[in-house]
Participant: 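I'd like to ask you about the structure that follows.
Because the structure is predicted, anything quoted here is derived from the model rather than measured. Throughout, a chain's letter reflects where its sequence line sits, starting with A, and its residues are numbered from 1.
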Protein chains: 2
Amino acid sequence: MDDMADTVSEALPRDFEALRALILDRREGLPKRIAQVAAYALDNPDEIAFGTAASIANSAGVQPSTLIRFAQHLGYDGFTSLQQVFRERLRERTTSYEERLTVVRGEADDGTSNRRIVDGFLAAASKSIDVMSRNLDDETLDRAIDLLNGAETIYILARRRSYPVASYIAYALGKLGVRSQLIESASGLSPEIISFANSRDAVIAISFSPYASATVEEARILSANNVPVIAITDSAFSPLAQFAKVWFEVAEADFGGFRSLAATMALAMGLTVGVAELRRGRKGKKSANSKG
Amino acid sequence: MDDMADTVSEALPRDFEALRALILDRREGLPKRIAQVAAYALDNPDEIAFGTAASIANSAGVQPSTLIRFAQHLGYDGFTSLQQVFRERLRERTTSYEERLTVVRGEADDGTSNRRIVDGFLAAASKSIDVMSRNLDDETLDRAIDLLNGAETIYILARRRSYPVASYIAYALGKLGVRSQLIESASGLSPEIISFANSRDAVIAISFSPYASATVEEARILSANNVPVIAITDSAFSPLAQFAKVWFEVAEADFGGFRSLAATMALAMGLTVGVAELRRGRKGKKSANSKG
DNA sequence: GCGAAAATGGAACATACGGTTCATTTTATT
DNA sequence: AATAAAATGAACCGTATGTTCCATTTTCGC
């Protein structure tokens with residue numbers, strides 16, 4: 001009788017991620033139309049959450065009854081209970097920061113103003129991250145990491161507002177066993193340090209408008225010495241973008257005149273760990289450089 | 001007849017923020033029950049998006065028909081069209097990073113792995129920010145800023161992973177005209193610098209597990225010398241939490257063993273700008289210290 | 001305090017919804 | 001190729017939904 005393990009006995013996914021995993025797990029053994037619905041559901045979760053069985057079925061190119069069968073195949077007792085999972089997913093998303101900020105801004109300027117300031121910075125960070133995740137180009141990233149992978153020493157160049165990023169990169173590279181050199185003004189030795197760099201090295205230069213003159217000047221010198229420059233900056237008009245081999249455009253949101261560093265930090269960590277990953281074990285062979 | 005400007009002529013809000021503004025604008029002139037619904041709608045937008053007219057009416061303590069009247073008062077032709085706006089709001093929220101990351105992780109380990117790493121850090125940053133915005137205590141924040149406001153010099157204490165945050169605080173305080181002193185190891189002068197601090201100053205100490213011994217030790221000394229310590233750390237068991245006047249618990253998500261700094265950075269900026277705001281013009285009088 | 005107008009509660013209604021059923025087609029097995 | 005089993009399409013049904021209607025209450029102007 002119970003030839004198959006009764007699916008009911010397994011705990012039914014109540015949250016979307018578990019459901020997603022379940023669907024992907026069973027994808028192979030699913031009938032054609034059911035699989036069609038499964039694919040549609042994962043691609044258009046919002047539609048499932050809000051649509052009616054009829055409208056969804058229409059969009060997915062199946063009969064409404066197939067939706068019910070799909071739900072039942074997974075162990076739910078009907079389309080409605082499956083839909084709950086898709087709705088819960090939207091419910092559980094934390095309120096977006098832009099929205100939260102708008103709300104906060106509308107309130108009176110009372111004792112909670114400190115909280116408003118922090119919320120502002122959280123919102124700026126969140127927005128910066130959003131933008132980066134949409135705009136970051138995979139190929140640029142691959143090329144940058146490829147360059148860094150080939151470098152004997154990675155020089156890190158940043159001042160003022162960008163300096164925290166540089167110091168974090170230096171710290172992380174150190175922990176990951178990648179040779180690096182942080183160029184800072186305090187020691188007064190930057191000219192000497194820079195003169196050691198050659199074409200087998202690489203530079204990560206970070207600067208945003210108004211560009212620190214020392215960063216720009218030193219990057220220019222390094223570039224003239226054939227040291228490949230990877231720039232993290234804010235626009236195509238940045239002086240850094242002009243002589244960089246690879247450059248990233250990072251749009252950081254600001255609050256109260258102070259720009260976030262969140263996206264830059266994440267990118268910096270990505271570059272750092274990306275290089276380390278490449279060097280650990282699969283050196284070179286996984287080069288993403290499409291031209292070879 | 002058309003004694004009132006016919007509401008239909010105004011463009012009906014299609015997005016939530018506009019609707020929100022419209023409701024707040026008309027709040028005054030709304031009948032009691034309608035106003036009750038309006039308040040409920042702004043407080044529980046998710047309920048409006050997902051619930052049925054009956055369930056919402058029940059939760060809001062009104063009759064279902066009142067919901068339709070509410071919608072019609074605003075110019076919509078029924079509850080359903082109003083509900084669309086609340087649903088659109090959920091639809092338009094950007095996909096959460098946790099979800100995006102899970103998706104990315106499920107894919108094959110092909111050439112996009114660099115992107116996956118950056119996405120990982122973006123996700124970690126985003127999550128950290130979410131958590132902070134939920135957990136940050138307003139009163140703790142107010143007390144910390146109050147303490148900093150009273151300080152002659154603000155000392156900043158952090159090493160290793162936390163050092164970038166410290167350097168950013170120092171940079172920002174400098175730009176805002178607040179006297180501060182960054183304590184770092186490079187100069188070898190930390191003991192001397194620390195000995196200058198007294199009870200009229202304050203310290204921001206930042207350290208996460210595994211706590212840098214220098215940070216802990218120096219914070220201990222400063223605390224013993226009656227310099228108020230504001231700590232940013234990761235748990236109540238942190239050595240910093242023990243002798244801090246005020247301390248923040250910041251839970252940073254990590255990716256690949258590297259923890260994010262996003263939430264700590266935002267908090268740091270909040271403290272920094274919070275102090276500057278307080279000092280600019282409304283010095284002292286706006287103290288949020290509830291006890292006075 | 002009276003009368004008109006607006007607001008409210010609650011029942012009644014038409015409909016659109018999810019679910020079921022069954023005939024037909026497709027797939028798998030022998 | 002024949003048969004059984006599974007999958008699919010499409011019509012059908014009961015129900016729960018949004019909406020409307022009307023009696024009652026409340027509010028406001030005079």
Participant: I need the CD1-C1' distance between I56(B) and dT19(D), as an integer number of Å.
Facilitator: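 Nearest whole value for this atom pair: 14 Å.
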Participant: Whole angstroms only, please: what is the CD-P distance between Q84(A) and dG18(C)?
Facilitator: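 Between P of dG18(C) and CD of Q84(A): 12 Å.
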Participant: Could you tell me whether the side chains of Q72(A) and R69(A) share a donor-acceptor contact shorter than 3.5 Å?
Facilitator: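 Note: Q72(A) and R69(A) side chains miss the donor-acceptor criterion.
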Participant: Could you tell me whether the side chain of Q83(B) and the main chain of I48(B) form a donor-acceptor pair under 3.5 Å?
Facilitator: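 The answer is yes, because a donor-acceptor pair under 3.5 Å joins these two groups.
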Participant: Check whether the side chains of Q84(A) and R87(A) place a donor and an acceptor atom closer than 3.5 Å, and report yes or no.
Facilitator: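 Result is no, nothing qualifies.
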Participant: Can you give one letter per nucleotide of nucleotides 12-17 of chain C, going 5' to 3': B for a protein heavy atom under 4.0 Å from the base, S for sugar-phosphate only, - for none?
Facilitator: -----S
Participant: Please name the residue in the list D137(B), T264(B), L271(B) that meets the side-chain contact (heavy atoms from CB on, under 4.5 Å) test with F248(B).
Facilitator: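 That would be L271(B); it is the only one of D137(B), T264(B), L271(B) passing the side-chain contact (heavy atoms from CB on, under 4.5 Å) with F248(B).
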Participant: Donor-acceptor pair, distance only, cut-off 3.5 Å: does the side chain of R26(B) make one with the backbone of H73(B)?
Facilitator: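 Looks like yes, one N/O pair under 3.5 Å.
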Participant: In degrees rounded to 10°, what angle is found between the helical axes fit to the five outermost pairs at each end of the helix from dG1(C)-dC30(D) to dT30(C)-dA1(D)?
Facilitator: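 Inter-axis angle at the termini of the helix from dG1(C)-dC30(D) to dT30(C)-dA1(D): 40°.
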Participant: G270(B) and V118(A): which non-hydrogen atoms are nearest, and at how many Å?
Facilitator: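 The answer is CA-CG2, 3.8 Å.
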Participant: What does the B/S/- profile of nucleotides 6-11 of chain C look like, 5' to 3', with a 4.0 Å heavy-atom cutoff to protein?
Facilitator: -SBBB-
Participant: Within this structure, what is the CZ-to-P distance between F70(A) and dG9(D), rounded to whole angstrom?
Facilitator: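 Between P of dG9(D) and CZ of F70(A): 16 Å.
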Participant: Hey, which sits more toward the 5' end of DNA chain D by its nearest nucleotide, L30(A) or G51(B)?
Facilitator: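 The 5'-side residue here is L30(A).
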Participant: What pair of heavy atoms forms the shortest contact from A125(A) to S260(A), and how long is it?
Facilitator: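 Smallest heavy-atom distance, with atoms named: CA-OG, 3.5 Å.
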Participant: Without decimals, in angstroms, what is the distance between N58(B) CG and dA16(D) P?
Facilitator: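 Interatomic distance, CG of N58(B) to P of dA16(D): 16 Å.
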Participant: Let me know the distance between CG of L67(B) and P of dT17(D), rounded to the nearest Å.
Facilitator: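 After rounding, the reported distance stands at 13 Å.
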Participant: Measure from CD on Q72(B) to P on dG18(D) and round the result to the nearest Å.
Facilitator: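 Answer to the nearest Å: 14 Å.
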Participant: Give the rounded distance in Å between these two atoms: OH of Y76(B) and C1' of dT19(D).
Facilitator: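 It works out to 18 Å between those atoms.
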Participant: Thinking salt bridges, do D142(A) and R115(B) make one under a 4.0 Å N-O criterion?
Facilitator: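 Between R115(B) and D142(A) there is no salt bridge, as every charged N stays at least 4.0 Å from the carboxylate O atoms.
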